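The structure appears right after this line, and notes come after that.
Here, residue 1 is the first one in the sequence, and each next residue gets the next number. What you see below is based on every heavy atom in this structure, not just the backbone, and it leaves out hydrogens, waters and symmetry mates. Just so you know, these numbers come straight off a predicted model, no measurement behind them.
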Amino acid sequence: MPTLLRLILLSVAFAIATVAIGWWGVPLAAALYGVISRKQRSSAIIAGVAGVLAWSELLLIDAARGPIGVLAHTLGGVLNTKPIAVYVLTLAFPGLLALTASLLARQAMAYFAPAEGP
């Protein structure tokens, strides 16, 4: 499967998992992806980028529904930072969750169920 198609499908899966069970959906889906694609070297990076894309999709949907800029401005004021930092942190969170969950699942599978053969 081409990398771009895998990235798109994985980002849709992360978005659906987030809507279905909350932010826990990202590391759970990423761990499953890490187990399935443990032989691919770039699987964790793809999972991280897909996590960012998934939450970007959800953020765009929320922005179309309501005044998300007001929320970012208010939250930025509470955190004593600029509103752009709220967006950056919001998108960095699922990316880091997906990256680390995929890496951990891949390494756990390598440790507990090593591949057979040379």
Could you list the residues that satisfy side-chain contact (heavy atoms from CB on, under 4.5 Å) with Ile36, not counting sequence neighbours? Leu32
In the structure I gave you, are the side-chain heavy atoms of Leu7 and Ser11 within less than 4.5 Å of one another anywhere? no
Rounded to the nearest 0.5 Å, the CG atom of Leu53 sits from the CG atom of Leu58 at a distance of 11.0 Å
Phe14 versus Ala30, closest heavy-atom pair with distance: CE2-N, 3.5 Å
Can you tell me if CD1 on Ile45 sees more than 12 non-hydrogen neighbours from other groups inside 6.0 Å? no
Closest heavy-atom contact between Leu97 and Pro27? CD1-CD, 4.2 Å
Minimum heavy-atom distance Leu99-Ala44, with the two atoms named: CD1-O, 3.3 Å
Residues clustering with Ile21 (ILVMFWY side chains joined when closer than 4.5 Å, directly or via others): Leu28
Test: ring pair (Phe, Tyr, Trp, His ring centres under 6.0 Å). Region: residues 27-49. Which pairs qualify, not counting sequence neighbours? none
Cluster companions of Ile16 among Ile, Leu, Val, Met, Phe, Trp, Tyr (side-chain spacing under 4.5 Å): Val12
side-chain contact (heavy atoms from CB on, under 4.5 Å) partners of Arg41, counting only residues at least two apart: none
Set of ring pair (Phe, Tyr, Trp, His ring centres under 6.0 Å) partners for Phe93, sequence neighbours left out: Trp23, Trp55
Under 4.5 Å between side-chain heavy atoms, chaining through other members, with only Ile, Leu, Val, Met, Phe, Trp and Tyr counted: pull out the rest of the cluster around Leu79, sorted by chain and number. Leu75, Val86
To the nearest 0.5 Å, what is the distance between CG on Leu9 and CD1 on Ile46? 11.5 Å
Does any pair with a residue in residues 85-108 pass side-chain hydrogen bond (donor to acceptor under 3.5 Å, both in side chains), and if so which ones, sequence neighbours excluded? Ser43-Arg106
Closest approach of Gly95 and Val52, non-hydrogen atoms and distance? CA-CG2, 3.7 Å
Residue pairs passing the side-chain hydrogen bond (donor to acceptor under 3.5 Å, both in side chains) test where at least one lies in residues 66-77, sequence neighbours excluded: none
Do Val49 and Leu96 land in one hydrophobic cluster if side-chain heavy atoms of ILVMFWY residues count as linked below 4.5 Å? no
Atom of Ala47, atom of Leu10 and distance for their closest heavy-atom approach: CA-CD2, 3.7 Å
Please write out which residues are connected to Leu104 in a hydrophobic cluster, directly or through intermediates, given that two of Ile, Leu, Val, Met, Phe, Trp, Tyr count as joined at side-chain heavy-atom separations below 4.5 angstrom. none
